[in-house]
K.L.:
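Structure below; questions to follow.
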Amino acid sequence: MAHLNFIHFESIITAHSQNQTAWIKYRIDRLVKPFSAGLRNMNNLSLMAEWISNQKMPAFNDFYSSKFLINTKRIGLYEFILKEYPPRGEAITHLEFE
């Protein structure tokens with residue numbers, strides 16, 4: 001069984017090197033470069049969406065809203081923090097979110 005996996009791995013390496021050779025030889029980078037920023041953004045968005053779906057539901061979620069109201073969200077976050085973690089008479093100098 002290990003022999004079959006080794007052969008499959010060799011074929012993957014061969015295909016990869018052939019792709020690299022074609023990429024360099026035919027200058028495919030000139031065709032792809034104008035779209036690279038958009039493709040990178042789509043990749044990052046998909047990675048972020050996957051990460052969000054794998055996380056537990058937070059106690060306060062201000063990630064996405066179709067109406068972007070930063071002040072409303074920020075005030076809601078501050079109200080949540082004060083309700084869940086009331087101050088103990090000390091000044092809050094630093095907040096860290098996970």
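Computed over heavy atoms, backbone and side chain alike; hydrogens, waters and symmetry mates excluded.
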K.L.:
Do E50 and L47 come close enough that some side-chain heavy atom pair is under 4.5 Å?
P.N.:
yes
K.L.:
Under the side chain to side chain contact (heavy atoms under 4.5 Å, CB included) rule, collect the residues that match up with Y26, sequence neighbours excluded.
P.N.:
A22, I28
K.L.:
Can you sort out the partners of D29 under side chain to side chain contact (heavy atoms under 4.5 Å, CB included), two or more places apart, ordered by chain and number?
P.N.:
W23, R27
K.L.:
Anything under 3.5 Å between a donor and an acceptor, one on a side chain of residues 30-43, the other on a protein residue two or more places apart or in another chain? List them.
P.N.:
from : atom 1 : to  : atom 2 : distance (Å)
S36  : OG     : K33 : O      : 2.9
N41  : ND2    : A37 : O      : 3.4

